[in-house]
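Before any comments, here is the structure.
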Amino acid sequence: MQPELETPVRVRFAPSPTGYPHLGNIRTALFNWLFARHWGGKFILRIEDTDVTRKVEGATETILDSLRWLGLNWDEGPYFQSQRLHLYHEAADKLLKKDHAYLCYCSPERLDIMRREQMKRKQPPKYDRRCRYLSQQEKKQLETSGITPVVRFKTPFEGETTFHDLIHGSLTFKNNTLDDFILLKSDGYPTYHLANVVDDHSMTISHILRADEWLSSTPRHMLLYQALNWQPPQFAHLPMILGPDRAKLSKRHGATNIADYQKQGYLPEAMINFLVLLGWSLDDRTELLSQEELIKHFSLERVSKTAAIFNKDKLEWVNGVYLRKLSPEEFVQQAMPFLDRDLPPSVKRPLDSGYTHQVMPPIQERAKTLAEVSQLSDFFFLDELQYDTQLLLSKSIEPTQATQIIQVALQRLEAVKLWNTTSLEDILRPLAAELNLSTGKFFGLLRVAITGRTAAPPLFQTMAVLGKERCLKRLSEALQRLCSFNQNSKT
RNA sequence: GCCCCCAUCGUCUAGGGGACUAGGACGUCAGCCUUUCAAGCUGAAGACAGGGAUUCGAAUUCCCUUGGGGGCGCCA
């Protein structure tokens, strides 16, 4: 599998700008990139914009942005097929001249009707090759008819096409199951098959690493290489990434665009680590690999043949691991834009950097994505806490008792001079005993009063960061809540 | 309908004739730690799709069946 020494590794990522790149596209890009980096070859970017009707504005820029975000830097390109039309016409002319192709005047309507009927008769939908058998006279007539023809390939009727795939091994297709596919459309643009073969040849691509969905068009491509008398590259068809319903990944699977993952606060390193494990493994235990390790160890031999189902839970786990590996400074830096974006507008901007640094350490341990950060930490930033007063009343604490407890706590805390994690613990822990309460009950009550929720970072640390003033204010507010709650329940 | 690919725990995978009582990870469950949550630690449940064949021996090789996926466009 080691590339021949005389053929330098040149691989390409060739998306079409008809939508935003999804996980599968990016995984293909990643494998190509890793393969190039591993062998010291070139990673080439080519935009296959030959379908004028499906072109999506901004898609190319999104593709480039996504690759940049992930650090999948390219060495050449992006090339645009729409700017290379002369190459495809040249090849089509060559094929026409060598009698490997012919002009076809059939209308899309005729082809459509034909296909429908074939389907109805449960037959494989194939072009009937009508224009392949046109008489000289018919040809002349059609030439002057004003119809712009397409160019079709003359697929051999007999024989079979065999090629070697680096992942699947030797594969054979019977030629009579293929039809005369179109090379050049009537708008002058090439189809995928022609453009792909021409470009891979002219860019001296050494290995084609693409998704399995292309496997069945490979014999067509082989036939083209033969007809053009070109040496084909090596093929490696990568397993597909499927949605949880086992179907090809698409919009209805929710977030499949790679850009969405950026917005949701996944780190590019985590994304890469996760994606590489979808179809490749180092051994029987390694889950976490750095970029350097990936480049060092990546090989097609360890690419699996089976399609993988995208598993979001594992992605979240990987991302959590990478998030926790960040230094506190790096984490704050990464989290800032998300806080700025997601915290309620009532929190004044710009955010206090020093304060945010104090808040983030316990959040870093808990966040699976950066988008969760604001949600996990908003009570540190908010002036007014919104929560259900019921939270102050656990099964075992009565409203009057809760009121008393908070009053006592408030009293003691008001007197505190040195406000830090240890001093708070030194005061509150004995107080639990004094009140004859379990720490769980006591701290739990205070936690709700201080944070407005039952699950939060450690209490003393939280209080220390919030500061004395804010804590006392929140305790008073809790008392008020209990007060009005008592009145309401009396009436 | 035709052609092609694929088949190990729910999911990602290790496995290339004996090292398999089938290993790891996510998730799940239980316990520990603990002021809650998270993290961490320990443990548990959990798979070779089925049937033939080859072989002293098969998750591993071959065949069939079944299941899943992909392709069959003037889309890529």
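Basis for what follows: all heavy atoms, side chains included, without hydrogens, waters or symmetry-related copies. Order of the sequence lines sets the chain letters (A, B, ...), proteins ahead of strands, with each chain counted from 1.
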Between [options], which one does the side chain of [X] approach most closely?
{"X": "A:R302", "options": "B:G15, B:C12, B:C74", "answer": "B:G15"}
{"X": "A:A455", "options": "B:C6, B:C37, B:A76", "answer": "B:C37"}
{"X": "A:L171", "options": "B:C74, B:C5, B:C26", "answer": "B:C5"}

Given [N], is OP1 or OP2 found less than 4.0 Å from the side-chain N or O atoms of [X]?
{"X": "A:K185", "N": "B:C75", "value": "yes"}
{"X": "A:S281", "N": "B:A14", "value": "yes"}
{"X": "A:K305", "N": "B:G70", "value": "no"}
{"X": "A:S217", "N": "B:G71", "value": "no"}
{"X": "A:R246", "N": "B:U11", "value": "yes"}
{"X": "A:R115", "N": "B:G73", "value": "yes"}
{"X": "A:T172", "N": "B:C4", "value": "no"}
{"X": "A:H168", "N": "B:C6", "value": "yes"}

Determine the contact category for [X]: base if any of its heavy atoms lies under 4.0 Å from a base atom, sugar-phosphate if only primed atoms, P, OP1 or OP2 are that close, otherwise nothing.
{"X": "A:L428", "answer": "nothing"}
{"X": "A:R324", "answer": "sugar-phosphate"}
{"X": "A:R54", "answer": "base"}
{"X": "A:F442", "answer": "nothing"}
{"X": "A:P458", "answer": "base"}
{"X": "A:T50", "answer": "sugar-phosphate"}
{"X": "A:T53", "answer": "nothing"}
{"X": "A:T454", "answer": "base"}
{"X": "A:K248", "answer": "sugar-phosphate"}
{"X": "A:G279", "answer": "sugar-phosphate"}
{"X": "A:C106", "answer": "base"}

Base B:C6 to side chain A:T306, donor-acceptor N/O within 3.5 Å cut-off: no
State whether the distance check finds a donor on one side and an acceptor on the other, under 3.5 Å, for side chain A:E287 versus base B:G24. yes
So, do [X] and [Y] have ring centers that fall under 6.0 Å from each other?
{"X": "A:H207", "Y": "A:F31", "result": "no"}
{"X": "A:H201", "Y": "A:Y225", "result": "no"}
{"X": "A:F460", "Y": "A:F443", "result": "yes"}

Just the rounded figure in Å: distance from [atom2] of [N] to [atom1] of [X].
{"X": "A:D179", "N": "B:C74", "atom1": "CG", "atom2": "C1'", "answer": "13 Å"}
{"X": "A:E365", "N": "B:C33", "atom1": "CD", "atom2": "P", "answer": "19 Å"}
{"X": "A:Q81", "N": "B:C75", "atom1": "CD", "atom2": "C1'", "answer": "13 Å"}
{"X": "A:K174", "N": "B:C72", "atom1": "NZ", "atom2": "C1'", "answer": "16 Å"}
{"X": "A:M240", "N": "B:U11", "atom1": "CE", "atom2": "C1'", "answer": "17 Å"}
{"X": "A:R366", "N": "B:U36", "atom1": "CZ", "atom2": "P", "answer": "12 Å"}
{"X": "A:D284", "N": "B:A59", "atom1": "CG", "atom2": "P", "answer": "19 Å"}
{"X": "A:L277", "N": "B:C26", "atom1": "CG", "atom2": "P", "answer": "12 Å"}

Find which nucleotide of RNA chain B each of A:E425 and A:V303 is nearest to by heavy atoms, and output the residue with the more 5' nucleotide. A:V303
Over all heavy atoms of both residues, which pair between A:R302 and A:S281 is shortest? Give the atoms and the distance, please. NE-O, 2.7 Å
Work out which heavy atom in A:S202 is nearest to a heavy atom in A:L87; give both atom names and the distance.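 Taking A:S202 first and A:L87 second, the nearest heavy atoms are OG-CD1, 4.3 Å.
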Have A:T155 and A:R132 got a donor and an acceptor in their side chains that come within less than 3.5 Å?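 Looking only at side-chain atoms, A:R132 and A:T155 do not form any donor-acceptor pair under 3.5 Å.
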Which class fits the ring pair A:F310 and A:Y261: parallel under 30°, tilted 30 to 60°, perpendicular over 60°? perpendicular
